[in-house]
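The structure appears right after this line, and notes come after that.
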Amino acid sequence: VTSDGVSLRAVFGCFPTGVTAVGAVVDDQPVGMAVSSFTSVSLDPPLVSACVAKTSTTWQTLRSARWLGVSILAANHGTICRQLAAADPAGRFTDVSWDVTDGGAVRIRSASAWFECELEREISVGDHFIAILRIVSHLADPTVEPLVFHRSSFRRLLAS
Ligand SMILES: Cc1cc2nc3c(=O)[nH]c(=O)nc-3n(C[C@H](O)[C@H](O)[C@H](O)COP(=O)(O)O)c2cc1C
């Protein structure tokens, strides 16, 4: 079956993922976006990746930040996630509890886990950049249930 962008997006959506919030403080303001394309890449050196649309204006700002925070959103962060994907970036952090590191990386409070990263490399592939991020510090609370994104809906894990 040949594919157009809309139907391909629907097929990609059959693959469930977690959702992260990638964020940094830039010019004294928190900047961030929801990213579900997060993947672990390497243990040594410690690397993760994210695919960001070349059209993303938020990424253009984030890529200039020295340190980036990557928060793995919790099951009850659905509203925060939608907010962090809003077309207008102005209200993305309204009513969101977050902290910032000395280096400017943003951590969403009560996230399942969090990485502080440095942008190591950006690879241009198709209509996205693969951002390779080097982990400089990390935190996890394995008791916090993660948010799951599947077919445009938020879900949670169920023990089988
Ligand atoms: C659940 C979810 C996952 C997303 N994952 C990605 C992603 O992996 N890469 C990406 O570039 N945008 C992703 N987005 C879209 C961005 O969060 C955001 O909508 C977009 O960056 C807004 O455009 P701007 O960067 O020009 O402000 C996702 C949105 C949602 C709701």
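Each residue takes its place number in the sequence, starting with 1. Order of appearance sets the numbers: ligands from 1, and atoms from 1 within every ligand.
- Legend: residues meeting salt bridge (charged side-chain N to carboxylate O under 4.0 Å, His left out) with Arg151, ordered by chain and number and at least two apart, are absent.
- The heavy atom nearest to atom 1 (C) of ligand 1, considering only Trp59, Phe149, Phe129, Phe38, is found in Phe149.
- Within a 6.0 Å radius of NE2 in His150, other residues, nucleotides and ligands contribute more than 12 heavy atoms.
- Of the listed residues (Gly78, Ala85, Ala53), the one carrying the non-hydrogen atom nearest atom 18 (C) of ligand 1 is Ala85.
- Residue contacts with ligand 1, taken as heavy atom pairs separated by less than 4.0 Å, involve Arg92 solely via side-chain atoms from C-beta onward.
- The shortest N or O to N or O distance between Arg82 and ligand 1 is not below 3.5 Å.
- Note on ligand 1: Pro89 sits outside its first shell, no heavy atom being nearer than 4.0 Å.
- The nearest heavy-atom contact from the protein to atom 3 (C) of ligand 1 is Ser36 OG, 3.4 Å.
- A salt bridge links Asp99 to Arg107: at least one charged side-chain nitrogen sits closer than 4.0 Å to a carboxylate oxygen.
- A side-chain donor from one of Arg92 and Thr58 sits under 3.5 Å from a side-chain acceptor of the other.
- For Phe129 and Trp59, the ring centers sit 6.0 Å or farther from each other.
- Scanning all protein heavy atoms for the shortest distance to atom 26 (O) of ligand 1 gives Thr57 OG1, 2.7 Å.
- One N or O on the side chain of Asp141 and one on the backbone of Thr143 form a donor-acceptor pair closer than 3.5 Å.
- The shortest N or O to N or O distance between Cys51 and ligand 1 is under 3.5 Å.
- Closest protein heavy atom to atom 25 (O) of ligand 1: Ser56 OG, 2.6 Å.
- Considering backbone and side-chain atoms together, His128 places no N or O closer than 3.5 Å to any N or O of ligand 1.
- Within the 4.0 Å heavy-atom shell around ligand 1 one does not find Gln83.
- At the top of the distance list for atom 28 (C) of ligand 1, counting protein heavy atoms only, stands Ala34 O, 3.3 Å.
- Judged purely by atom type and a 3.5 angstrom limit, Gln83 uses its side chain to pair as donor or acceptor with the backbone of Thr94.
- Using modelled atom types, one side-chain atom of Ser64 and one backbone atom of Thr61 make a donor-acceptor pair closer than 3.5 Å.
- Closest to atom 8 (O) of ligand 1, if we only count protein heavy atoms, is Ser37 OG, 2.7 Å.
- Protein heavy atom closest to atom 12 (N) of ligand 1, with residue, atom name and distance, is Met33 CE, 3.8 Å.
- A distance below 6.0 Å separates the ring centres of Phe38 and Phe115.
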